[in-house]
K.L.:
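Before we start, here is the structure in question, set down as structure tokens.
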Amino acid sequence: MSPSDNYRRIYHVVRRIPPGRVATYGQIAKLAGLPGHARQVGYALHALDTASPVPWHRVINAKGRISLRSKSGPDLEQRMRLEAEGVRFDAGGRVRLDEYGWSGSGTRALEWR
DNA sequence: GCAATGACGCTCT
DNA sequence: CAGAGCGCCATTG
């Protein structure tokens, strides 16, 4: 099997993420058909480029934090993009998964306007 | 083929 | 609520 096939699936799920909303790696992995493989999701996204057609910036960890990979370049860009979509960060740089979390676990009434 | 690493998740403290 | 430790698995060297 081609490992790229798995990546493709993950990218597809990430593309399904509605604007103004964020999804966790576990969520992506589950929807991608890889329950429990949250790490591989991160791997797949890491292989992506900052200019990739995939909204990787909407993917964060379960803590609602932006996972830093190595440098502080793309990370800041991710936060900037999310803020541009209407996602608010707290002082700790965390996002309210209970509100912005995908699958509308609770609040989707905010809409993305 | 084996060993080490890693955009993570979950539980305990 | 925040931080640290442990675990699961695929990718890379």
Side-chain angles (χ1 to χ4, degrees):
Chain A
M1 266 161 73
S2 309
S4 310
D5 184 58
N6 252 6
Y7 280 40
R8 209 174 178 178
R9 227 178 256 253
I10 295 170
Y11 301 147
H12 188 71
V13 177
V14 177
R15 276 186 187 145
R16 284 163 57 187
I17 303 175
R21 209 123 349 127
V22 293
T24 64
Y25 292 95
Q27 190 76 49
I28 301 288
K30 189 175 177 178
L31 292 170
L34 305 168
H37 292 204
R39 276 185 144 173
Q40 273 52 316
V41 177
Y43 255 14
L45 291 173
H46 181 223
L48 275 171
D49 188 74
T50 51
S52 76
V54 181
W56 53 271
H57 61 262
R58 289 185 194 142
V59 186
I60 55 179
N61 57 22
K63 303 176 201 97
R65 272 208 206 122
I66 298 177
S67 303
L68 301 176
R69 25 188 208 176
S70 296
K71 298 173 173 95
S72 320
D75 315 337
L76 296 174
E77 185 176 317
Q78 178 171 13
R79 167 142 79 135
M80 187 175 70
R81 285 195 179 200
L82 289 173
E83 287 189 298
E85 300 208 342
V87 180
R88 301 271 192 135
F89 286 80
D90 65 10
R94 292 190 281 282
V95 188
R96 276 204 153 181
L97 289 174
D98 54 305
E99 286 197 39
Y100 297 107
W102 192 21
S103 297
S105 296
T107 312
R108 88 257 291 139
L110 282 172
E111 290 298 322
W112 58 94
R113 177 156 53 96

K.L.:
A:Arg94: what forms a side chain to side chain donor-acceptor pair (under 3.5 Å) with it, not counting sequence neighbours?
P.N.:
none
K.L.:
Whole-Å distance between B:dC8 C1' and A:Leu97 CG?
P.N.:
13 Å
K.L.:
C:dA10 C1' sits how many Å from A:Tyr7 OH, rounded?
P.N.:
7 Å
K.L.:
Between the protein and nucleotides 2-5 of chain B, list the N/O to N/O atom pairs that are separated by less than 3.5 angstrom.
P.N.:
from: B:dT5; atom 1: O2; to: A:Tyr43; atom 2: OH; distance (Å): 3.2

K.L.:
Applying salt bridge (Lys or Arg N to Asp or Glu O under 4.0 Å) as the test, list every pair that has at least one member in residues 50-68 of chain A; sequence neighbours left out.
P.N.:
A:Arg58-A:Glu85
K.L.:
When you measure from the side chain of A:Ala62, which nucleotide among B:dC10, B:dC8, C:dC1 comes out closest?
P.N.:
B:dC10
K.L.:
Show me the protein contacts with nucleotides 5-9 of chain C, counting only N or O atoms at under 3.5 Å.
P.N.:
from: C:dC8; atom 1: N3; to: A:Arg39; atom 2: NH1; distance (Å): 3.0
from: C:dC8; atom 1: N4; to: A:Arg39; atom 2: NH1; distance (Å): 2.9
from: C:dC9; atom 1: O2; to: A:Gln40; atom 2: NE2; distance (Å): 3.0

K.L.:
Who passes salt bridge (Lys or Arg N to Asp or Glu O under 4.0 Å) against A:Arg88, sequence neighbours left out?
P.N.:
none
K.L.:
Take atom OH of A:Tyr11 and atom P of B:dA7, then tell me their distance rounded to the nearest Å.
P.N.:
13 Å
K.L.:
Take atom CD1 of A:Ile28 and atom P of B:dC8, then tell me their distance rounded to the nearest Å.
P.N.:
13 Å
K.L.:
Can you name the residues that form a side chain to side chain donor-acceptor pair (under 3.5 Å) with A:Ser67, not counting sequence neighbours?
P.N.:
A:Asn61
K.L.:
If I take atom CD1 in residue A:Ile66 and atom P in nucleotide B:dC8, what distance separates them, rounded to the nearest angstrom?
P.N.:
12 Å
K.L.:
Grab the CG-P distance between A:Asn61 and B:dC10 for me, whole Å please.
P.N.:
11 Å
K.L.:
Nearest whole Å is fine: how far is B:dA7 C1' from A:Arg79 CZ?
P.N.:
16 Å
K.L.:
Quick check: are there more than 12 heavy atoms from other residues, nucleotides or ligands sitting under 6.0 Å from CZ of A:Arg81?
P.N.:
yes
K.L.:
Just one of A:Leu48, A:Val14, A:Ile10 clears the side-chain contact (heavy atoms from CB on, under 4.5 Å) bar with A:Val59, so which one?
P.N.:
A:Val14
K.L.:
Only counting residues at least two apart or in another chain, list the ones meeting side-chain contact (heavy atoms from CB on, under 4.5 Å) with A:Ala38.
P.N.:
A:Tyr25
K.L.:
If you only use heavy atoms from C-beta on, which nucleotide in B:dG9, C:dT11, C:dC1 is closest to the side chain of A:Arg94?
P.N.:
C:dC1
K.L.:
Ignoring backbone atoms, test whether A:Arg65 places a side-chain nitrogen or oxygen under 4.0 Å from the OP1 or OP2 oxygen of C:dC1.
P.N.:
no
K.L.:
Listing request: all salt bridge (Lys or Arg N to Asp or Glu O under 4.0 Å) pairs with a residue in residues 22-42 of chain A, at least two apart in sequence or in separate chains.
P.N.:
none
K.L.:
According to side-chain contact (heavy atoms from CB on, under 4.5 Å), who are the partners of A:Ala62, at least two apart in sequence or on a separate chain?
P.N.:
none
K.L.:
Just the rounded figure in Å: distance from P of C:dA10 to CD1 of A:Ile10.
P.N.:
11 Å
